[in-house]
Protein chains: 2
Amino acid sequence: MASTLLTRQLAVSLQQNLRLATPGCRYVSKTATKTVSEFEYDAPSMKTPMPGPKSQELTRQLGEIQNVGAIHFFCNYEESRGNYLVDVDGNRMLDVYTQISSIPIGYNHPALIKVMTNPNNVSAFVNRPALGILPPENFPDKLIESLLSIAPSGMTRVQTMACGSCSNENAFKAMFIWYRNKERGHSNPSEEDIGTCMINQSPGCPDLSILSFMGGFHGRTLGCLATTHSKVIHKLDIPSFDWPIAPFPKLQYPLEEFVRENEQEEARCLEEVEDLIVKWRQKGKPVAGIVIEPIQAEGGDNHASPDFFIKLRNIARKHGCGFHVDEVQTGGGATGKLWAHEHWGLDDPADVVSFSKKLLTGGYFHRDELLPDKPYRIFNTWMGDPSKNLFLAEVLNVIRRENLLEEVTRSGKALLQGLYALQTQYPNILSRARGQGTFCAIDACDDATRNTIMLKARDKGVLLGSCGERSIRFRPALVFKEYHVHQLLNILNDVLAEQKQRPGCQVSHQ
Amino acid sequence: MASTLLTRQLAVSLQQNLRLATPGCRYVSKTATKTVSEFEYDAPSMKTPMPGPKSQELTRQLGEIQNVGAIHFFCNYEESRGNYLVDVDGNRMLDVYTQISSIPIGYNHPALIKVMTNPNNVSAFVNRPALGILPPENFPDKLIESLLSIAPSGMTRVQTMACGSCSNENAFKAMFIWYRNKERGHSNPSEEDIGTCMINQSPGCPDLSILSFMGGFHGRTLGCLATTHSKVIHKLDIPSFDWPIAPFPKLQYPLEEFVRENEQEEARCLEEVEDLIVKWRQKGKPVAGIVIEPIQAEGGDNHASPDFFIKLRNIARKHGCGFHVDEVQTGGGATGKLWAHEHWGLDDPADVVSFSKKLLTGGYFHRDELLPDKPYRIFNTWMGDPSKNLFLAEVLNVIRRENLLEEVTRSGKALLQGLYALQTQYPNILSRARGQGTFCAIDACDDATRNTIMLKARDKGVLLGSCGERSIRFRPALVFKEYHVHQLLNILNDVLAEQKQRPGCQVSHQ
């Protein structure tokens with residue numbers, strides 16, 4: 001969203017909003033009467049038009065250094081608390097986007113501040129090691145305490161990385177290495193392999209491919225980008241690989257009302273996957289791995305059924321392709337389980353599961369077979385950051401201690417029910433409410449309407465994110481309770497009551 | 001270096017070493033009698049064979065989770081100080097490798113601990129923002145105070161990233177975008193561009209290339225890896241791009257004794273660069289950018305003259321290619337200047353300069369023209385980490401306050417003179433001593449001898465790194481003083497005095 005788009009001329013304070021009597025239900029939270037956690041605020045509070053004057057001045061300053069077209073506003077992170085993000089102009093918003101879904105337990109959680117102020121942890125912050133060669137004493141223990149305690153079924157191996165893109169790039173590499181070792185019968189590489197790889201030529205750099213899905217998003221570095229197909233702006237002008245791209249099911253929502261149609265659509269996509277695997281093998285570019293998100297996020301919050309994923313996993317196995325589930329956005333609890341793929345109910349859900357964002361460190365879990373056969377094949381200087389593992393261990397403690405997955409499931413139900421109610425109430429504007437846990441989305445009738453709704457919601461103190469062509473995605477932190485859901489729905493209701501239908505704007509149900 | 005290689009049966013304590021009378025000079029530092037900084041140790045101290053029993057046990061534990069073939073040993077970072085790395089078995093080593101050249105001012109520097117314990121900084125650690133959309137209030141100031149205060153000549157723009165690979169991947173993307181915009185005459189992309197880019201096809205994903213050099217290293221993600229040509233282990237089994245690879249000059253050392261021969265060699269390489277640019281243009285894969293390290297590090301510490309780089313920069317300009325100087329390893333002061341390219345004396349040294357490692361955050365500087373024309377083209381969730389910028393600002397303060405660049409120049413001279421003396425004394429074992437500042441290297445007569453020297457040095461308390469086929473690279477922190485140089489040289493001297501020449505092991509001067 002360009003900042004120019006965001007420039008608004010009128011300030012509407014929350015106080016004013018509350019005076020607007022609107023049609024439709026008004027949520028009064030039972031939980032809202034409970035004592036709010038000491039450290040959190042109780043509601044949004046807007047003081048200036050958005051972005052405010054300080055944000056505008058800082059954007060101008062940063063504009064001397066970087067392209068600032070994506071800057072929403074500048075934040076006062078010191079003053080932000082829990083679900084509330086405070087900006088530099090003193091505006092306080094309910095944050096339902098959480099830094100592109102990357103803040104697990106809200107701002108300034110006391111447990112995380114404790115990690116920071118624990119003298120035993122200082123060294124992990126000031127002495128960043130090269131983890132692949134000289135790890136700190138507590139590294140195996142911290143991995144076991146944090147990441148391995150949430151390892152996906154069938155996986156006891158994990159490799160940390162610095163970010164989501166590096167996680168996926170290295171997961172792809174692990175699949176390529178594993179695939180070529182199978183092809184070679186686990187014998188040593190030939191002289192030809194060794195000679196050609198140094199000059200980027202086959203067979204040393206083989207013509208292998210990764211199968212991805214239209215609408216998928218797996219990052220923006222060149223390897224990842226070859227599997228990303230969500231928006232033109234990510235892809236344009238960047239060289240790519242000739243790798244196969246399958247259709248992702250375009251389902252109708254609510255899923256339970258369109259079971260037969262959706263089954264047919266999923267079957268069509270699975271058939272195409274098998275066709276592409278065969279076709280690319282014939283082309284001399286065999287598919288070493290399939291990469292997929294459990295819910296396509298950036299591409300528009302596109303869901304598929306557990307049955308689809310179970311069958312896809314079997315297709316991968318049948319054709320000897322690695323199966324890589326990219327949980328960079330879905331992982332970490334927002335779907336009501338720590339991993340979205342847990343909803344499939346499989347003992348052996350994947351060969352590789354990558355993560356980042358809410359996990360605070362990047363990385364990927366993998367099955368034993370995908371362990372690189374030699375050192376330095378999956379490697380870089382830092383290979384993650386132990387200080388992030390410290391935070392993650394504490395985040396997992398909080399998730400367990402505060403039963404946040406149950407909380408997410410409860411809040412998610414309230415959120416999805418509320419979205420259903422809104423689309424019933426505004427059938428000309430909204431459609432396709434969908435979600436799992438609080439990982440929810442709803443579509444506006446068009447792009448412009450979606451953007452207007454988001455800007456108006458922000459003016460009233462709710463920060464939302466967009467995805468796909470016309471979707472609003474909800475990505476609150478795991479501490480988003482039912483009364484936060486009600487705050488959100490009330491404000492959305494106010495926005496929609498003011499929203500006129502644009503001419504020609506028609507909702508889609510597919 | 002595989003940990004198995006490192007298993008040694010005999011412990012030789014430093015005290016014992018000192019009793020070994022060896023031929024050759026013995027350095028007695030004047031500075032060594034000075035009071036050592038309060039927080040640092042005064043010498044190595046070895047207590048167990050390397051790796052010690054605790055490291056072995058931890059390596060076994062980590063081996064259940066990851067490939068541990070590259071693990072040297074486990075560290076006690078709490079106890080490490082300045083130039084001395086302490087391991088979990090209580091061994092204390094003079095660290096001349098510094099986490100693959102990524103520790104700028106030694107371990108546990110009091111100034112960095114102060115950053116950690118400053119309550120004003122807590123928020124930057126516990127609330128990692130999505131910098132591209134919601135930066136913190138102090139972000140422009142911190143960029144100006146830290147990175148922009150050391151911007152290369154001609155550059156006022158900087159983009160932070162999480163690591164070296166992401167920095168280079170995004171620098172490549174910036175060059176591709178810039179190049180295609182030039183080709184299109186800065187008009188909007190065509191419908192064909194838009195349609196084809198989503199399916200990885202030309203012209204939307206154009207057949208552009210990056211020219212790199214044999215022996216170069218620019219990272220291990222798929223885009224970077226297509227420009228990396230240092231070792232088979234990095235490249236094998238990973239698909240790549242058909243991009244041109246030029247020879248990097250193979251110079252004879254000391255440079256001042258082989259001026260004419262080296263000039264000829266550099267001219268040969270430059271001619272090849274121009275030929276490749278023409279050839280790849282004719283192939284329909286124009287060279288959008290040239291990427292090069294000022295000193296090829298991972299590839300063997302290969303130097304080239306300022307004249308070579310000046311001419312290469314002109315060739316890039318003449319052919320309309322971006323010129324990307326990768327300072328991930330050379331940047332941050334080890335050559336005696338903050339950027340190695342400063343030694344070329346150019347006002348307009350490059351279009352892009354990438355960095356990471358000693359700068360603690362990744363990123364790249366660039367000329368105005370390479371600013372992406374639209375938001376979200378150079379983007380990811382985190383786009384760096386403001387907590388790393390805090391540390392960097394303090395590191396730069398320390399570099400200035402303690403005149404560390406002068407210190408590096410002084411220590412570097414002592415180191416290089418010492419290496420010259422060693423190769424004169426052991427002409428059958430050592431050759432090709434070379435370096436700039438403390439960024440030095442020397443070659444052993446073969447791979448096995450190099451590895452033995454490094455292991456023996458470690459047993460005596462000096463941690464070294466290798467590069468290329470038979471080189472030892474010296475990568476101390478910027479706080480490596482003359483008396484640390486003398487400690488290093490004395491121990492190397494002891495190792496070499498014990499070192500028998502392997503049959504058939506012949507030094508190379510080229």
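Computed over heavy atoms, backbone and side chain alike; hydrogens, waters and symmetry mates excluded. Below, chain A is the first sequence line, B the second, and so on; all start at residue 1. Please read these numbers as outputs of a predicted model, since none were measured by experiment.
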Between A:N108 and B:N127, is any side-chain donor less than 3.5 angstrom from a side-chain acceptor?
->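 Yes, because at least one side-chain N or O of A:N108 sits under 3.5 Å from a partner of the opposite role on B:N127.
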With sequence neighbours left out, write down each residue that passes side-chain hydrogen bond (donor to acceptor under 3.5 Å, both in side chains) with B:D89, or none if nothing qualifies.
->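 Partners of B:D89 under the side-chain hydrogen bond (donor to acceptor under 3.5 Å, both in side chains) test: none.
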With sequence neighbours left out, write down each residue that passes side-chain hydrogen bond (donor to acceptor under 3.5 Å, both in side chains) with A:R220, or none if nothing qualifies.
->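 For A:R220 the side-chain hydrogen bond (donor to acceptor under 3.5 Å, both in side chains) partners, ignoring immediate neighbours, are A:H234.
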Tell me, with the steps shown, if A:L236 and B:F176 meet side-chain contact (heavy atoms from CB on, under 4.5 Å).
-> CA-CA 10 Å; A:L236 187 69; B:F176 289 131; over 6 Å; no
If you measure from the Lys or Arg side-chain nitrogens to the Asp or Glu carboxylate oxygens, is any gap between A:R184 and B:D237 under 4.0 Å?
->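 Counted as a salt bridge, because a side-chain N and a carboxylate O are separated by less than 4.0 Å.
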Pick one of side chain, backbone, both or neither for [X], based on which atoms fall under 4.5 Å of a heavy atom in chain A.
X      : answer
B:S55  : neither
B:S102 : side chain
B:F365 : neither
B:D385 : side chain
B:L147 : neither
B:P189 : side chain
B:K357 : both
B:E183 : neither

Under 4.5 Å, counting heavy-atom pairs only, tell me which of [options] racks up the most with chain A.
options                        : value
B:F139, B:F241, B:F172         : B:F241
B:I245, B:L62, B:I233, B:L112  : B:I233
B:N168, B:T228, B:I103, B:I113 : B:I113
B:S101, B:C163, B:P129, B:P372 : B:P129
B:I199, B:L222, B:L371, B:I133 : B:I133

When you measure from the side chain of [X] to the backbone of [Y], do you find a donor-acceptor pair of N or O atoms at a distance under 3.5 Å?
X      : Y      : result
B:Q66  : A:R157 : no
B:N200 : A:A226 : yes
A:E137 : B:N76  : no

Checking heavy atoms, do the side chain of [X], its backbone, both or neither come under 4.5 Å from chain B?
X      : answer
A:N138 : neither
A:L148 : side chain
A:M214 : side chain
A:I177 : both
A:D207 : neither

Out of curiosity, A:E169 CD to B:L225 CG, how far, rounded to the nearest 0.5 Å?
->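 A:E169 CD to B:L225 CG: 9.0 Å, rounded to 0.5 Å.
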With rounding to the nearest 0.5 Å, note down the distance linking CG in A:N380 to OG in B:S356.
-> 9.0 Å
When every non-hydrogen atom of A:K235 is compared with those of B:C197, the smallest separation belongs to CE-O, 3.0 Å
Shortest non-hydrogen contact from B:M198 to A:V232?
->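 Scanning both residues, the minimum pair turns out to be SD-N, 3.6 Å.
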Passing option when B:L134 is tested against A:L463, A:T98, A:D87, A:I71 for side chain to side chain contact (heavy atoms under 4.5 Å, CB included) = A:L463
Could you please spell out the steps behind the side-chain contact (heavy atoms from CB on, under 4.5 Å) verdict for A:T156 and B:I65?
-> CA-CA 6 Å; A:T156 58; B:I65 306 171; over 6 Å; no
Measure up the B:F125 and A:F125 rings against each other and bin them: parallel (under 30°), tilted (30 to 60°), perpendicular (over 60°).
-> perpendicular
Criterion side-chain contact (heavy atoms from CB on, under 4.5 Å) on A:V126 and B:Y107, from CA distance to verdict = CA-CA 8 Å; A:V126 300; B:Y107 297 102; over 6 Å; no
Between chain B and each of A:G223, A:P135, A:A130, A:P140, count heavy-atom pairs under 4.5 Å; write down the option with the most.
-> A:P135
